[in-house]
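Structure first, commentary second.
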Amino acid sequence: MSQESEVPEGDHFSVRKQKLEELRQRGREVYPHKFERIHSCQEAIELFDPESDEDLGAEVKVAGRIRGRRLHGKAAFGDLVDASGQIQIYLSPNYLEQEEQFEEFTELWDLGDYGGVRGELFETNEGEISIVVRELTLLAKGLRPLPEKFHGLKDRELRYRKRYLDLLDNREVRDTFKQRSQFISALRRYLEERDFLEVETPMMQTLAGGAEAEPFETHHNALDLDLYLRIAPELFLKRLLVGGFERLFEINRNFRNEGISTRHNPEFTMLELYWSYADYEKIMELAEELVSAAVKEVAGSHKTNFRGEEIDWSTPWRRLSLQEAIEAETGLEIAVDTPPEETRKLAADAGYELDEKSTAGGQLLELFEEAVEAKLTEPTFVIDFPADVSPLAKEHREDERLAERFELFAGGLEVGNAYTELNDPLKQRRNFEEQADSEEEIDDNFLEALEYGMPPAGGLGLGIDRLVMLLTDSSSIRDVILFPLLQPRDNG
RNA sequence: GAGCCGGUAGCUCAGCCCGGUAGAGCAUCGGACUUUUAAUCCGGUGGCCGUGGGUUCGAAUCCCACCCGGCUCACCA
């Protein structure tokens, strides 16, 4: 530096602020507006010609964050990182156009600062393609130290609260979220290519219907109107079937005011699609083609690993009825209309403690969830659910005690739910009335829409977060949601 | 909501059983060093030991409550 160092001791933050001031006093812009980057780090490396006899190769102009720095008196090395990768920069007063930039770099720059670099490519004695720096531009001063590079950021709480640091330090995290994006993009493309229309329906609803879940409540001031965040888009998407859209889908958030777990975040992403004139058989074919194609596209293979087990997404997928699934796992043959107390007793004898449910179907479902669900590793359609737990599904064409409904499981997780949609407005009203608690309001506007005539249709819901968990071998849903909900803290 | 585990320097971690006044590596600061790459060498700074209470002459350490997080379970998708 010019005379004595102006950088006294102190904590990281104040030391860096003083360096920033010192740079400003030297006339340096600390947060410039732009930088004409010409090459990514990766492109710069690829530009290097190992055959050339020249000491110095092509001129490049790169920008990124300084993640490593090795100072050697009159020489210095730095690692410049951008989204494409990283490249080493080499500084020496001999090469810099402004010699004083050398001590700026060694004394006033810090790890984590953003910088732009112009210089020529060369290969070091150790064989690393590097840039000998001619001109150095500070692009943004960092005031806090980044987590240590070698061990990375490990603290789970910090990783969720400060996801930007997690992304900076942990490559797997970056890869997971890239794959999430690619997966959703692949699903969308597949559906668009088949003439499905993407729509958006209300997140804020006066009645939270389409699923059974506790909603979040909110309020519109100007209308003085209580509203709910949606728990499902289903009832609105079906209105659009009435409106004549024959193939449609929505990829968006649902909100459920329930417990948080490794499989549950209060807001989560669902794909829901509806297809006029299709039934649940056709929806099964679509679902397996859609998901296996998207998995293949993102993973490069139909096989993925989840919690140490391989999942093979090749079609066709296994199909078995709910009753078959229960019998295969427990040996219990239980009819859909076996009274709930009896089912509970039979299950208890077989070693399954069930919560009390009011309906026969509810008790059967409980047994399935308890005994079977976690064991369904390979993609499996469990079909033909009890009608009394499927109020939005059409009754089974061969057995009115059943609904034409399937759920999709993989890796022990429920990832999909689908029906031949109920389009009989009178039956739908009866189902709502039978199901509704006395307090609960029925969505009359939806029923009115059905009364105008909804075409026969199949519908499907896919839990995107859980599919991404399976795709990326993430054991917690928080690892596939960039900012999972956490209890707020003072610092974060 | 319940059970178990965890919270010590900016980061990664020891110390806790068995109480005696706070440690390491990286980062940071000062010094040496012109091809290093987890650079190296020498010397420093840095802590309300999650919060509050209790026991004790003395608490990071033992006890109680609470906060935050993780895992398992419950509710659910």
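Chain letters run A, B, ... following the sequence lines, proteins first and then strands; every chain starts at 1. Because only heavy atoms are used, hydrogens play no part in the values below, and waters and symmetry mates are left out as well, while side chains stay in.
- Taking a pair to require two hydrogen-bonding distances under 3.5 Å in either a Watson-Crick or a G-U wobble arrangement, B/rC75 remains unpaired.
- Under the side chain to side chain contact (heavy atoms under 4.5 Å, CB included) criterion, A/Asn94 pairs with A/Ser92, sequence neighbours left out.
- Distances shown here put every side-chain N or O of A/Gln88 at or beyond 4.0 Å from the OP1 or OP2 atom of B/rU37.
- Between the CG atom of A/Leu248 and the CH2 atom of A/Trp275 there is a distance of 12.5 Å, given to the nearest 0.5 Å.
- Within 4.0 Å (heavy atoms only), A/Leu486 reaches sugar-phosphate atoms of the nucleic acid but no base atom.
- To the nearest whole angstrom, the two C1' atoms, one in B/rU61 and one in B/rA22, are 12 Å apart.
- The side chain of A/Arg478 contributes an N or O atom lying less than 4.0 Å from OP1 or OP2 of B/rC71.
- Every residue meeting the salt bridge (charged side-chain N to carboxylate O under 4.0 Å, His left out) condition with A/Arg230, not counting sequence neighbours, appears here in chain and number order: A/Glu250.
- Between the C1' atoms of B/rC64 and B/rU45, the separation comes to 38 Å (whole Å).
- Within 4.0 Å of A/Leu111, counting heavy atoms only, lie sugar-phosphate atoms of the nucleic acid but no base atom.
- Atom C1' of B/rA59 sits at a distance of 27 Å from the matching atom of B/rG25, rounded to the whole Å.
- Nucleic acid contact class of A/Asn265 (heavy atoms, under 4.0 Å, all strands): base.
- Applying the salt bridge (charged side-chain N to carboxylate O under 4.0 Å, His left out) rule to pairs touching residues 403-418 of chain A yields A/Arg397-A/Glu404, A/Arg405-A/Glu407, sequence neighbours excluded.
- Considering only residues two or more places apart in sequence or on other chains, A/Asp79 meets the salt bridge (charged side-chain N to carboxylate O under 4.0 Å, His left out) condition with A/Arg70.
- Map A/Gly152 and A/Glu267 each onto its nearest nucleotide of RNA chain B; the residue landing nearer the 5' end is A/Gly152.
- Not a single salt bridge (charged side-chain N to carboxylate O under 4.0 Å, His left out) links A/Arg69 to another residue, sequence neighbours left out.
- Proximity of residues 118-128 of chain A to RNA chain B (heavy atom under 4.0 angstrom from any strand atom) is restricted to A/Phe122, A/Thr124, A/Asn125, A/Glu126, A/Glu128.
- Checked against side chain to side chain contact (heavy atoms under 4.5 Å, CB included), A/Lys74 has no partners two or more places apart in sequence or in another chain.
- A heavy atom lying under 4.0 Å from RNA chain B marks none of the residues of residues 376-386 of chain A.
- Stacking annotation: A/Tyr160 is not stacked on the base of B/rG69 (requires ring centroids less than 5.5 angstrom apart and an interplanar angle below 30 degrees).
- As rounded to the nearest Å, B/rA2 and B/rG58 have P atoms that lie 35 Å from one another.
- The base-pairing partner of B/rU21, taking Watson-Crick or G-U wobble contacts with both distances under 3.5 Å, does not exist among the strands shown.
- Relative to the ring axis of A/Phe183, A/Arg180 does not place its NZ or CZ within 45° and under 6.0 Å from the centre.
- Listed nucleotides B/rC71, B/rC11, B/rC68 differ in distance to A/Thr262; the shortest reach to its side chain belongs to B/rC71.
- Using Watson-Crick or G-U wobble geometry with both donor-acceptor distances under 3.5 Å, B/rC4 finds its partner in B/rG70.
- When the salt bridge (charged side-chain N to carboxylate O under 4.0 Å, His left out) test is applied to A/Arg318, no partner is found at least two apart in sequence or on another chain.
- Taking the six-membered ring for Trp and the full ring otherwise, A/Phe409 and A/Phe368 have centroids separated by under 6.0 Å.
- Nucleotide B/rU51 forms a Watson-Crick or G-U wobble pair with B/rA65, both donor-acceptor distances falling under 3.5 Å.
- Within the structure, salt bridge (charged side-chain N to carboxylate O under 4.0 Å, His left out) contacts touching residues 257-274 of chain A (residues at least two apart or in different chains) are A/Arg253-A/Glu267.
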All N/O pairs under 3.5 Å across the protein-nucleotides 1-10 of chain B interface:
none

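- Counting non-hydrogen atoms under 4.0 angstrom, A/Gly259 reaches a base of the nucleic acid.
- Here, B/rA27 and B/rC67 have their P atoms 39 Å apart, quoted to the whole Å.
- A salt bridge (charged side-chain N to carboxylate O under 4.0 Å, His left out) check over residues 374-383 of chain A, counting only residues at least two apart or in different chains, returns the pairs A/Glu329-A/Lys375.
- A gap of 8 Å separates the C1' atoms of B/rG19 and B/rC62, to the nearest Å.
- Phosphate contact (OP1/OP2 of B/rA39, side-chain N/O of A/Arg70, threshold under 4.0 Å): present.
- Across B/rU56 and B/rC73, the matching C1' atoms stand 40 Å from one another, rounded to whole Å.
- Using a 4.5 Å heavy-atom threshold, the side chains of A/Thr380 and A/Trp317 count as separate.
- Under 4.0 angstrom from either OP1 or OP2 of B/rG69 there lies at least one side-chain N or O belonging to A/Arg161.
- Within 4.0 Å of A/Glu212, counting heavy atoms only, lie sugar-phosphate atoms of the nucleic acid but no base atom.
- One P atom belongs to B/rU35, the other to B/rG44, and the distance between them is 28 Å to the nearest Å.
- Side-chain atoms of A/Val15 lie closest to B/rU28 of the nucleotides B/rU12, B/rU34, B/rU28.
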